[in-house]
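Basis for what follows: all heavy atoms, side chains included, without hydrogens, waters or symmetry-related copies. Numbers here are sequence positions counted from 1.
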Amino acid sequence: MSWDIIEGKWKQFKGKAREEWGELTDDELDQVSGERQQLEGLLQEKYGKTKAEAKEAVDSFAARVHNM
């Protein structure tokens with residue numbers, strides 16, 4: 001799924017992101033507003049991921065929500 005679609009439907013996907021990354025608060029996910037780079041940065045900060053790990057995590061998330 002194109003990240004543009006996820007960004008456009010962020011309110012629908014926000015719950016899935018919350019399930020995926022339980023340490024992220026609703027306020028943090030609201031601030032992300034579907035912006036991929038912001039989500040990757042938040043994953044780096046909250047989970048101590050490298051930039052590559054955060055990118056891989058977001059890619060994996062996008063692939064899973066595509067199959068829903």
I want to check something: taking the side chain as every heavy atom from C-beta on, are [X] and [Y] in contact at a cut-off of under 4.5 Å?
X	Y	result
Lys46	Trp21	no
Val32	Leu24	no
Glu20	Arg64	yes

Practice prompt. Measure the OG-NZ distance between Ser33 and Lys11 for me, rounded to the nearest 0.5 Å.
Written response: 8.5 Å

Response to the item:
Rounded to the nearest 0.5 Å, the NZ atom of Lys14 sits from the CG atom of Leu29 at a distance of 6.5 Å

Worksheet item: Counting only heavy atoms not in Gln37, do more than 12 fall under 6.0 Å of its CD?
Response: no

Worksheet item: If you take all heavy atoms of Ala54 and Gln44, which pair is closest and at what distance?
Response: CB-CG, 3.8 Å

Worksheet item: Which atom names give the shortest non-hydrogen contact between Leu43 and Ala57, and what distance separates them?
Response: CD1-CB, 4.2 Å

Item to complete: Kindly write out the residues that satisfy side-chain hydrogen bond (donor to acceptor under 3.5 Å, both in side chains) with Asp26, not counting sequence neighbours, or none if the list is empty.
Response: Arg18

Fill in: Results of salt bridge (charged side-chain N to carboxylate O under 4.0 Å, His left out) for Asp59 - residues two or more places apart only
Arg36, Lys55

Response to the item:
Residues passing the salt bridge (charged side-chain N to carboxylate O under 4.0 Å, His left out) test with Glu35, sequence neighbours excluded, are none

Worksheet item: Counting N and O atoms only, with roles assigned by atom type, does the side chain of Tyr47 sit under 3.5 Å from a partner on the main chain of Glu23, one being a donor and the other an acceptor?
Response: yes

Worksheet item: Hey, is the main chain of Asp30 close enough, under 3.5 Å, to the side chain of Trp10 for a donor-acceptor pair?
Response: no

Fill in: Lys49/Glu40 salt bridge by N-O under 4.0 Å criterion
no

Practice prompt. Step by step, work out the side-chain contact (heavy atoms from CB on, under 4.5 Å) result for Leu39 and Trp3.
Written response: CA-CA 12 Å; Leu39 180 56; Trp3 191 261; 3.9 Å; yes

Fill in: Full working for side-chain contact (heavy atoms from CB on, under 4.5 Å) between Phe61 and Lys16
CA-CA 9 Å; Phe61 171 74; Lys16 296 293 181 192; 3.9 Å; yes

